[in-house]
Asks: 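First the structure, then my questions, so here it is.
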Amino acid sequence: MENILAPSILAADVMRLGEQIGEVSDAGAKYLHIDVMDGVFVPSLSYGVCVVESIRKSCDMVLDVHLMIVDPHRYIEAFAKAGADIITVHLEACRDVKETIDLIHSFGCRAGLSVKPGTPVESVSEYLDQIELLLIMSVEPGFGGQKFFPEAIGRLQEAKTLIDQRGLSVDLEVDGGITADNVRDVLRAGANVIVAGSAVFRHPGSDASGLMEILRSEQKQG
Ligand code: DX5
Ligand code: ZN
């Protein structure tokens, strides 16, 4: 699987968003991670459909929309029509997981399924052959800039084993607290899509290019 960087715009400067998206794209990031929060599934509010629509107009990156909202089936059509390429929903937030995955596919999008740190990885097992992306959260969802949960390493390994045992080619994404210091560990644990907010947009001296370099060098070694 190709190692892919997915910068999370939650950490971007809204006043410079277009410029910053251009910079991460030039650095080689292929996915753009867009965090949608409803203040119910997670405590924070972020943004909604019109932000995706507006980004889509001038961005050809893969738009990776992470829905941290309850009953996400209510908004699949709107995000798909706004231009999302991947729509990821939380297992914990769906009334009917299979129906939600089918709905995402019915609009021609790739379907992602995510689990919070406290949800057993094996609970995604029955859906693995129906999705294109599995997102293992490495922080409690809701805020950028949190510290990486080391337990995520074992959870990624477990997820990778489940995927490989069935011969599936599902993107394994990790999200939360990723930095240049721990990105090698998550790649070696099996993740190939790396979400990074603060490490791309906020840390002085640490940017998309630095992370991309590590992703490329780990790809060669792998
Ligand atoms: C957290 C979001 C993340 C967040 C990651 O709930 O899902 O995508 O933006 O930010 P960092 O990389 O700063 O932990
Ligand atoms: Zn996210």
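Atoms within each ligand, like the ligands themselves, are counted from 1 in listed order. Note that this is a predicted model, so its numbers are computed, not measured.
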Asks: State whether E2 and K30 are salt-bridged, where the test is any N-O pair (Lys NZ or Arg NE/NH1/NH2 against Asp/Glu carboxylate O) under 4.0 Å.
Replies: yes
Asks: Using atom types as modelled and distance alone, determine if a side-chain donor or acceptor of S54 lies under 3.5 Å from a backbone N or O of V51.
Replies: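 It does not hold such a pair.
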Asks: Quick one: report the N, O or S atom of H33 that is nearest to the Zn ion (ligand 2).
Replies: NE2
Asks: Looking only at the side chains, is there a donor atom on one of R155 and T119 sitting less than 3.5 Å from an acceptor on the other?
Replies: no
Asks: Angle at the Zn ion (ligand 2), ND1 of H66 to OD1 of D35, rounded to 10 degrees, please.
Replies: 90°
Asks: What atom name does the N, O or S atom of D175 nearest to the Zn ion (ligand 2) carry?
Replies: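 The D175 atom nearest to the Zn ion (ligand 2), restricting to N, O or S, is OD2.
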Asks: Ignoring hydrogens and angles, state whether a donor on the side chain of H66 or D64 is under 3.5 Å from an acceptor on the partner side chain.
Replies: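 Judged by distance alone, the side chains do not pair up.
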Asks: Keeping the roles fixed (side chain from D96, backbone from E99), state whether a donor-acceptor pair exists under 3.5 Å.
Replies: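 Yes, the answer is positive, given that a donor and an acceptor are paired below the 3.5 Å cut-off.
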Asks: Which protein residues come within less than 4.0 angstrom of ligand 1, counting heavy atoms only?
Replies: S8, L10, H33, D35, M37, H66, M68, M137, P141, G142, F143, G144, G145, D175, G176, G177, V195, A196, G197, S198
Asks: If we ignore angles and hydrogens, is there a donor and acceptor under 3.5 Å between the side chains of Y31 and D171?
Replies: yes
Asks: Only distances under 3.5 Å count here; give the side-chain donor-acceptor pairs of residues 76-88 to other protein atoms, sequence neighbours excluded, each with its distance to 0.1 Å.
Replies:
residue : atom : partner : partner atom : Å
E77     : OE2  : K81     : NZ           : 2.4
D85     : OD2  : R56     : NH1          : 2.8
D85     : OD2  : L63     : N            : 2.7

